[in-house]
Amino acid sequence: MLRLGEISQTPAQQVTEKAPKIASFVPKSEYFSLSIQVSNYTHLHGGLEKPLRIGLSSTINRQFMAQMMSIAMVCGAVLGLGLFTIMFSIFRGAAQRNSRSIFIFGIFIIFLALHNLFSAPYPYTIFTDIGWLLGSRLEYLFTFLAVFFFITYMHLFNPRYLKHAIYYVGIGLLMLNIAVTLLSAPEVFQRLAIYSSIYGLVVVGNFIYGFYQTLSQRFAYSRLTLCAVFFLCVTVLNDYLLLLNVIESIHLSFISTSLYALLIMFQQSRHYAHQTCHTEQLNNE
């Protein structure tokens, strides 16, 4: 009725595939039995990991398509937001204050949206023919690139929030993970990514210490950035624990980062509107 990959009694013959699938059948009586054959030897996530949904075909299809379309719409909106941010920084000029950080932030938003398209529940499988192996590589590559540009943005925004040594060690780990992801099997780069993510605790610790210095020494700071980065760190920790199957929750980092991006664009739009009004007043005078 439904097949994903190939099951086997040995790891060498197993073929893993991760993709959402729907199977329909008409029961001949009010009672029926389902036979499920599952194998998983080496992957961190595989086998029968997520619960099955059984119900009316129309209801299951409607819920499934609603979920996929909502993710696709949000990703499209975030992609548009990222492109707008990049164009805004380009036309603003490289000589202007914070133009580089705004440009980096726009690239980060784009890779964040691409990451969400290729992560669970894998909406890319609905409108593309990309195989699972390539999809898994792209998921991790987009994740690494999103993290790369986010920590670069924080480093450019204020070096106090991310020290030079911590930043360059993080960049080195990301480059290593990208190379391993391109050259090795999923069993290898997935585990390396899990081990490397422990270094994220050092990065988050630097964020906390940097904001503590800002507050204790009463430096000028943005309350929006302070609250957003704190909330983002909490949601990333939630997703990390969810990845390890430690907690039962939902992925929150994409939602929190998208909201952060919207708030940043709202802040920039407000400043731009105020500056435009000020320029018009000077011209009228």
Side-chain angles (χ1 to χ4, degrees), residues 18 44 71-72 74-90 99-120 122-124 128 130-157 161-162 166-186 188-204 206-207 228-229 232-233 235-237 239-240 243 251-261 264-265:
K18 294 181 182 179
L44 292 175
I71 295 174
V74 172
C75 289
V78 174
L79 277 172
L81 186 62
L83 290 174
F84 173 80
T85 306
I86 291 174
M87 298 304 296
F88 178 82
S89 65
I90 291 175
S99 288
R100 289 180 59 194
S101 62
I102 295 173
F103 180 79
I104 294 297
F105 187 71
I107 300 177
F108 157 69
I109 295 174
I110 289 178
F111 280 115
L112 178 71
L114 292 174
H115 156 75
N116 201 60
L117 279 176
F118 283 84
S119 60
Y122 312 109
Y124 76 92
T128 68
I130 296 177
W132 172 78
L133 182 59
L134 177 58
S136 181
R137 292 187 193 278
L138 290 175
E139 175 192 357
Y140 277 79
L141 287 174
F142 290 146
T143 302
F144 298 142
L145 290 171
V147 173
F148 172 86
F149 285 106
F150 178 73
I151 64 175
T152 301
Y153 164 73
M154 292 301 298
H155 183 66
L156 291 175
F157 183 77
Y161 300 147
L162 195 59
I166 296 177
Y167 169 73
Y168 286 116
V169 171
I171 294 299
L173 279 175
L174 288 170
M175 293 297 101
L176 173 63
N177 277 271
I178 289 174
V180 172
T181 301
L182 290 172
L183 301 175
S184 64
V188 178
F189 65 73
Q190 287 174 353
R191 293 187 182 277
L192 178 61
I194 291 293
Y195 296 143
S196 299
S197 62
I198 299 174
Y199 186 74
L201 297 175
V202 179
V203 176
V204 172
N206 196 163
F207 287 164
V229 172
L232 179 62
C233 291
T235 55
V236 168
L237 178 61
D239 288 6
Y240 180 68
L243 181 66
H251 293 280
L252 296 174
S253 60
F254 179 71
I255 299 174
S256 63
T257 311
S258 300
L259 290 175
Y260 178 40
I264 290 293
M265 291 311 302

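Basis for what follows: all heavy atoms, side chains included, without hydrogens, waters or symmetry-related copies.
- Listed by chain and residue number, nothing satisfies the ring pair (Phe, Tyr, Trp, His ring centres under 6.0 Å) test with Phe144 (two or more places apart in sequence, or in another chain).
- Smallest separation of non-hydrogen atoms from Thr181 and Tyr140: CG2-CB, 4.2 Å.
- Pairs passing the side chain to side chain donor-acceptor pair (under 3.5 Å) check and including a residue from residues 103-115, sequence neighbours excluded, read His115-Thr143.
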Subject >> Intermediate values then yes/no, side chain to side chain contact (heavy atoms under 4.5 Å, CB included), Tyr199 and Ile166 >> reply: CA-CA 9 Å; Tyr199 186 74; Ile166 296 177; 3.4 Å; yes
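- Between Ile130 and Tyr124, the shortest heavy-atom contact is O-CE1, 3.8 Å.
- Closest approach of Phe207 and Tyr161 over heavy atoms only: CD2-O, 3.0 Å.
- Considering every non-hydrogen atom in both Ile151 and Leu162, the closest pair reads O-CD2, 3.4 Å.
- Atom CG of Leu83 sits about 10.5 Å away from atom CD1 of Ile107, to the nearest 0.5 Å.
- Within the model, atoms CZ of Phe149 and CG of Leu174 stand 10.5 Å from one another, a figure rounded to the nearest 0.5 Å.
- In this structure, Phe108 has its ring center no closer than 6.0 Å to that of Tyr153.
- With contacts defined as side-chain heavy-atom distances shorter than 4.5 Å, the pair Phe189/Asn177 does not qualify.
- In this structure, Ser101 and Met154 have side chains that are not in contact, with every pair of non-hydrogen atoms separated by 4.5 Å or more.
- For Ser89 (side chain) and Ile86 (main-chain N/O), a donor-acceptor pair under 3.5 Å exists by modelled atom type.
- Heavy atoms only, all atoms of each residue included: Ser184 and Arg137 are closest at O-NH1, 2.6 Å.
- Rounding to the nearest 0.5 angstrom, the gap separating the OG1 atom in Thr85 from the CD1 atom in Ile110 is 8.5 Å.
- Taking 4.5 Å as the limit, some side-chain heavy atom of Tyr167 sits within range of a side-chain heavy atom of Thr152.
- In this structure, CD1 on Ile102 lies 11.5 Å from CG on Leu156, to the nearest 0.5 angstrom.
- Of the inter-residue distances, the one linking Phe142 atom CZ with Leu112 atom CG reads 12.0 Å to the nearest 0.5 angstrom.
- Note that the CG atom of Leu138 and the CZ atom of Phe118 stand 5.0 Å from one another [nearest 0.5 Å].
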